[in-house]
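Please read all numbers here as calculations on a predicted model, not as lab measurements.
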Amino acid sequence: MRHITLLSLVLAGIAAMPATAQQQSQESEKPEKKIVCKRDAETGTRFKKKTCHSVAEWDLISEENRRAAKELVGPAVNGARGN
């Protein structure tokens, strides 16, 4: 019984090898082209929404969010007062 379990583990490892090689070849591609998926909380549900973009697109989204946050917070941080 022990030998069967060991044999099945070895065979499972061998079966997983081509998938690992494929992942390594995808990682060697340009990082900007790599697709990254993130799960975001959505208001009104306990389920998360899956969003996928390339690394370059995620960088652009982050930069736009930073710029928008600076526009909203900028006057308050710079000492402007709403008297």
Side-chain angles (χ1 to χ4, degrees):
M1 186 66 162
R2 204 167 170 187
H3 296 289
I4 294 172
T5 304
L6 182 61
L7 180 63
S8 64
L9 289 174
V10 170
L11 291 176
I14 291 171
M17 282 181 154
T20 305
Q22 183 181 16
Q23 289 173 350
Q24 288 176 350
S25 68
Q26 288 176 350
E27 291 174 1
S28 65
E29 293 177 10
K30 292 183 179 180
E32 296 85 24
K33 302 247 182 201
K34 183 177 178 184
I35 300 296
V36 177
C37 295
K38 296 181 181 180
R39 294 191 178 273
D40 299 319
E42 195 169 340
T43 304
T45 181
R46 62 187 175 133
F47 298 107
K48 294 186 177 186
K49 181 181 174 187
K50 183 178 179 182
T51 308
C52 300
H53 293 287
S54 69
V55 173
E57 290 171 336
W58 281 119
D59 289 342
L60 181 63
I61 291 168
S62 294
E63 185 59 35
E64 288 175 1
N65 289 340
R66 270 190 228 104
R67 211 174 291 140
K70 279 186 177 182
E71 287 179 16
L72 290 174
V73 178
V77 172
N78 293 331
R81 296 184 182 175
N83 289 341

Between the NE2 atom in H53 and the CG atom in D59, the distance rounded to the nearest 0.5 Å is 12.0 Å
Is R67 salt-bridged to E63, cutoff N-O under 4.0 Å? yes
Which atom of I35 lies closest to which atom of C52, heavy atoms considered: CG2-CB, 4.0 Å
Can you hop from V55 to I61 via hydrophobic side chains spaced under 4.5 Å? yes
Gap separating the CD atom of E42 from the NZ atom of K50, nearest 0.5 angstrom: 15.0 Å
NZ on K70 to CZ on R66, rounded to 0.5 Å: 8.5 Å
